[in-house]
Amino acid sequence: MTDSETGETGETGGTGEPGKVRRRRRSREETEADLLAAARTLLERDGVLAGVNLREIAAEAGVNHGQIYQYFGTRQSLLRAAAADLVERQAEDRDDHWERPFVERRLEMFRHRLDEPELVKLEALLALDRDDSFSPLPRLTRTLQSLERDKADGSLPQDADAVAAHVMSSAAQMGYAIFREAYARDTGIPLRELDERATKAFTHMLTGLTTPPATAAPSA
C-alpha cells in the first residue's frame with residue numbers, strides 16, 4: 001500500500017537520508033476533518049448544485065479517494081456531512097444576535113440569507129434529502145429563550161404564537177433567498193432593487209406579527 005493510500009502526510013528530515021521524506025500518519029478524525037473541509041471548499045467554490053468530483057475532494061484533502069468510501073460509505077453521505085457541517089459553522093458565526101428584539105433578529109437573518117444564498121440552497125437540499133440529522137432550527141433552545149424575552153419586554157404581543165411567528169418568518173426568508181434570481185428574471189426587476197423592495201415588504205410582515213390586534217370598540 002502506498003503512503004497516499006494510508007492518508008499520511010509528508011514531512012522532511014529526521015531520516016538520516018538526504019531527500020528522504022518522513023511520513024506522519026493522520027488519525028481517522030484528522031482525515032475525516034480534512035475530507036469535510038475539502039468538500040466544503042468545493043461546494044463553496046462551485047455551488048451546491050454543480051456536484052463535486054470525489055477525486056477532486058481527495059486531492060484537495062491530500063488522501064486517496066478510496067478513503068472517502070472507507071470513512072463515509074458513499075459520495076452522498078460525504079456531501080450530506082459536508083453540507084450539514086457548513087450549515088452548522090455558519091450558524092455558529094451568527095451567535096451574536098440573540099439579545100436583539102424580534103424584528104431586528106429576523107431582519108438580520110433575512111439579510112444574512114441574501115448574502116449567503118448557496119447556504120440556503122444547501123439547507124433546502126438537506127431537507128429534501130430527508131436527512132434526519134439536519135435541523136433547520138439548530139439553536140432552538142436559544143431561540144425559545146429569545147422569544148420568551150420578546151413577549152416579556154413587549155417585542156412580541158403576550159398572546160402571540162411566537163414559535164409559529166419564528167417558523168413562518170424563517171420560511172419566508174429561505175423561500176425568497178432560493179427563488180430571488182428567478183423572481184427578478186420573471187418580473188424584470190433588477191435583483192438589487194428587488195432585494196430592497198423585498199426587505200421592505202418583509203419588514204411590514206414582521207411589523208404585523210409584532211403588533212397586537214386592535215380591540216373592537218364596544219357596541220352602543
Side-chain angles (χ1 to χ4, degrees), residues 1-98 108-109 111-145 170 173-174 177-178:
M1 180 176 292
T2 66
D3 287 333
S4 63
E5 290 172 331
T6 62
E8 296 169 349
T9 57
E11 297 175 359
T12 59
T15 63
E17 300 180 33
K20 186 71 174 179
V21 177
R22 178 167 56 85
R23 301 283 180 174
R24 180 183 67 82
R25 183 183 296 274
R26 277 181 283 190
S27 69
R28 181 186 182 94
E29 291 76 16
E30 289 175 320
T31 303
E32 288 181 351
D34 288 342
L35 285 167
L36 286 175
R40 286 197 311 270
T41 296
L42 296 180
L43 284 170
E44 292 176 320
R45 185 193 74 188
D46 299 331
V48 299
L49 300 181
V52 291
N53 183 285
L54 293 187
R55 292 188 182 276
E56 282 191 274
I57 293 176
E60 179 76 19
V63 303
N64 185 282
H65 82 279
Q67 289 181 279
I68 293 175
Y69 299 103
Q70 178 184 348
Y71 292 142
F72 292 95
T74 65
R75 174 181 181 276
Q76 183 183 33
S77 294
L78 170 62
L79 294 181
R80 185 185 299 130
D85 186 54
L86 181 58
V87 170
E88 178 67 16
R89 286 169 181 270
Q90 290 283 352
E92 290 175 355
D93 290 341
R94 303 193 299 270
D95 275 350
D96 61 347
H97 75 300
W98 294 104
E108 180 179 335
M109 284 301 303
R111 296 186 183 101
H112 172 76
R113 295 190 190 284
L114 296 185
D115 291 337
E116 299 285 350
E118 292 298 315
L119 177 62
V120 179
K121 293 174 186 176
L122 272 178
E123 293 179 278
L125 288 176
L126 288 171
L128 291 171
D129 195 42
R130 298 183 179 179
D131 182 357
D132 292 337
S133 65
F134 167 65
S135 171
L137 303 172
R139 298 290 187 274
L140 181 57
T141 299
R142 293 286 301 274
T143 296
L144 294 176
Q145 293 172 348
S170 294
Q173 295 170 20
M174 297 187 71
I178 291 171

Indicate yes or no: at least one non-hydrogen side-chain atom of Leu137 is less than 4.5 angstrom from one of Thr143. no
Closest approach of [X] to [Y] (non-hydrogen atoms, all atoms of both residues):
{"X": "Met174", "Y": "Val120", "answer": "O-CG1, 3.7 Å"}
{"X": "Ala124", "Y": "Ile178", "answer": "CB-CD1, 3.8 Å"}
{"X": "Phe72", "Y": "Glu32", "answer": "CZ-O, 4.0 Å"}
{"X": "Ile57", "Y": "Ala38", "answer": "O-CB, 3.5 Å"}

Rounded to the nearest 0.5 Å, how far apart are [atom1] of [X] and [atom2] of [Y]?
{"X": "Gln173", "Y": "Glu108", "atom1": "CD", "atom2": "CD", "value": "10.5 Å"}
{"X": "Leu35", "Y": "Gln67", "atom1": "CG", "atom2": "CD", "value": "7.0 Å"}
{"X": "Thr31", "Y": "Asn64", "atom1": "OG1", "atom2": "CG", "value": "11.5 Å"}
{"X": "Met109", "Y": "Glu116", "atom1": "CE", "atom2": "CD", "value": "10.5 Å"}

